[in-house]
Trainee: 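First the structure, which I've put down as structure tokens, then a few questions once you've had a look.
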Protein chains: 2
Amino acid sequence: MSMTLYDLCGADQSKRFSPTCWRAKMALSHKGVAFSTVATPFTKIREIDGGNAKTVPYLVDGDARITDSFDIAVYLDKKYPDGPALFDGPGDIATAKFIRAWANTSLNPIIVGLVVKNIHDVLAEPDQKYFRETREKALKARLEDVQTGREEKLEAFTKALTPLRTMLAEQPFIGGNAPRFADYIVFGSLKWLMSFADFDVLKSDDAVLAWFNAIDATYTGGN
Amino acid sequence: MSMTLYDLCGADQSKRFSPTCWRAKMALSHKGVAFSTVATPFTKIREIDGGNAKTVPYLVDGDARITDSFDIAVYLDKKYPDGPALFDGPGDIATAKFIRAWANTSLNPIIVGLVVKNIHDVLAEPDQKYFRETREKALKARLEDVQTGREEKLEAFTKALTPLRTMLAEQPFIGGNAPRFADYIVFGSLKWLMSFADFDVLKSDDAVLAWFNAIDATYTGGN
């Protein structure tokens, strides 16, 4: 039976942008398992699966329910040990948690500053209200004010990617010769930004852009 | 037969501080193999092993010669597959290269700014000359000028450690429940700084300090 992934969407249900949902979708795609996605706006998350979900991504696989993209990846490797691995083992899973902390603390806050108002603008009206209230409270500023000073933030973003760019000089992926879950963690953050950026996020000769495009091309999508 | 590691030293041969030598020594200690170190000043590196070494750490194990701390760790896991693992497998080795790139680009430049003159001051005279010439050329500034503005740099250092600190909220080591080579990579950078800092690098309640001390306590030393 095909797995079902609840996936965040905008007013246009084909607009999918959540960084953590992308991490989960890339993990599903990597394992080559059949899955379908259910477009889910922010204010409908609490209605998923009889109210069992608090966040998306939320994976339903028969009787199993897994939320959190990282846990989904660990689940997939455990369920399909013979498929293409997302991790090498427990130490590698732990090390990927460092990568997640790096992406979440070094990249995501800059991305929020670049596109938080764009995210708001693609949401349906009730979701816009929810998003503005929760985000402005967390950010302690109006969305419009958060998203100012793009040039400086882009420079900071380019600089924040230095560890990845430096590593790419010696191997094509964080996972080595092929992407693994550690790559998808960082990819999710960039895909989120790329979903909204109507400006060049990375220079055309940046190795990070080639890395991003190579991973993006491997996504097989749901069914 | 015991392995021999050539290890950078100051004028006082007991002063050992190289971040990459510490990475290698922690890897040797982790594997529980017998090893001895040879105190090697900067200007004597070219005399090691009949001129075969260009850098330290440089490991001599019977007929094998391995330079570069990362390669030493990979070698040790290959030679002693049944001992405590430094990596889970090829994907984990690759992911550790991201950690190395992170430490080398996000931490080490700040550390240089904090203690480069202190490093110079512990070297023997010919090494001081070599160190000043090569470093001032690379840094395009006098050592004395590089090492200014400590408070701002310490703040930047604390901030640069955010990914590690964030991860430590959910697990005690980058390797999970026990340190692995990814931890030793970052530890090497901090040990280097700690070898010279006559000031508090980290607040006493910083989880990074507890992590550092826990790893530091595991070092068994050479023999």
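So that the names make sense, note that chain A is the first sequence line, chain B the second, and so on, each numbered from 1. None of the values given here were measured: they were computed from a predicted structure. Below, each value reflects all heavy atoms present in this structure, side chains not excepted, and no hydrogens, waters or symmetry copies.
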Trainee: Using modelled atom types and a 3.5 Å cut-off, is there a donor and acceptor pairing between side-chain atoms of A/D183 and backbone atoms of A/I174?
Mentor: yes
Trainee: Are there residues of residues 186-193 of chain A that reach to under 4.5 Å of chain B by heavy atoms, and which ones?
Mentor: none
Trainee: Determine, step by step, whether B/R132 and B/E144 satisfy the salt bridge (Lys or Arg N to Asp or Glu O under 4.0 Å) criterion, reporting the C-alpha distance in whole Å, the side-chain angles of both residues, the deciding distance to 0.1 Å, and the verdict.
Mentor: CA-CA 10 Å; B/R132 183 180 285 279; B/E144 288 74 6; 2.8 Å; yes
Trainee: With respect to chain A, which residue among B/A182, B/G176, B/G89, B/A103 yields the maximal number of heavy-atom pairs within a distance under 4.5 Å?
Mentor: B/G89
Trainee: So which heavy atom on A/V146 is nearest to which on A/V112, and how close?
Mentor: CG1-O, 4.2 Å
Trainee: Is the B/F42 ring parallel, tilted or perpendicular to the B/F17 ring (thresholds 30°, 60°)?
Mentor: tilted
Trainee: Using a cut-off of under 4.5 Å on heavy-atom pairs, state which of A/N177, A/I99, A/T95 scores highest against chain B.
Mentor: A/T95
Trainee: Salt bridge (Lys or Arg N to Asp or Glu O under 4.0 Å), that's the test. Do A/R65 and A/D71 meet it? Break it down for me.
Mentor: CA-CA 10 Å; A/R65 303 285 182 273; A/D71 292 344; over 6 Å; no
Trainee: So, applying ring-ring contact (aromatic ring centres under 6.0 Å, His included) with A/H30, which one of A/Y80, A/F181, A/Y184 is it?
Mentor: A/Y184
Trainee: Does the ring pair (Phe, Tyr, Trp, His ring centres under 6.0 Å) test come out yes or no for B/F70 and B/Y75, once each step is laid out?
Mentor: CA-CA 9 Å; B/F70 202 107; B/Y75 171 82; over 10 Å; no
Trainee: Pick out which of A/D49, A/D7, A/T67 makes a side-chain hydrogen bond (donor to acceptor under 3.5 Å, both in side chains) with A/Y58.
Mentor: A/D49
Trainee: Counting only heavy atoms closer than 4.5 Å, note whether A/S106 contacts chain B via side chain, backbone, both or neither.
Mentor: side chain
Trainee: Do you know which two heavy atoms are closest between A/Q147 and A/V116, and how far apart they sit?
Mentor: OE1-N, 3.1 Å
Trainee: Would you find more than 12 non-hydrogen atoms of other residues, nucleotides or ligands less than 6.0 Å from B/D205 atom CG?
Mentor: yes
Trainee: Using a 4.5 Å heavy-atom cutoff, which residues in residues 157-172 of chain B come close to chain A?
Mentor: B/T162, B/P163, B/L164, B/T166, B/M167, B/E170, B/Q171
Trainee: Counting only heavy atoms not in A/D200, do more than 12 sit closer than 6.0 Å to its CG atom?
Mentor: no
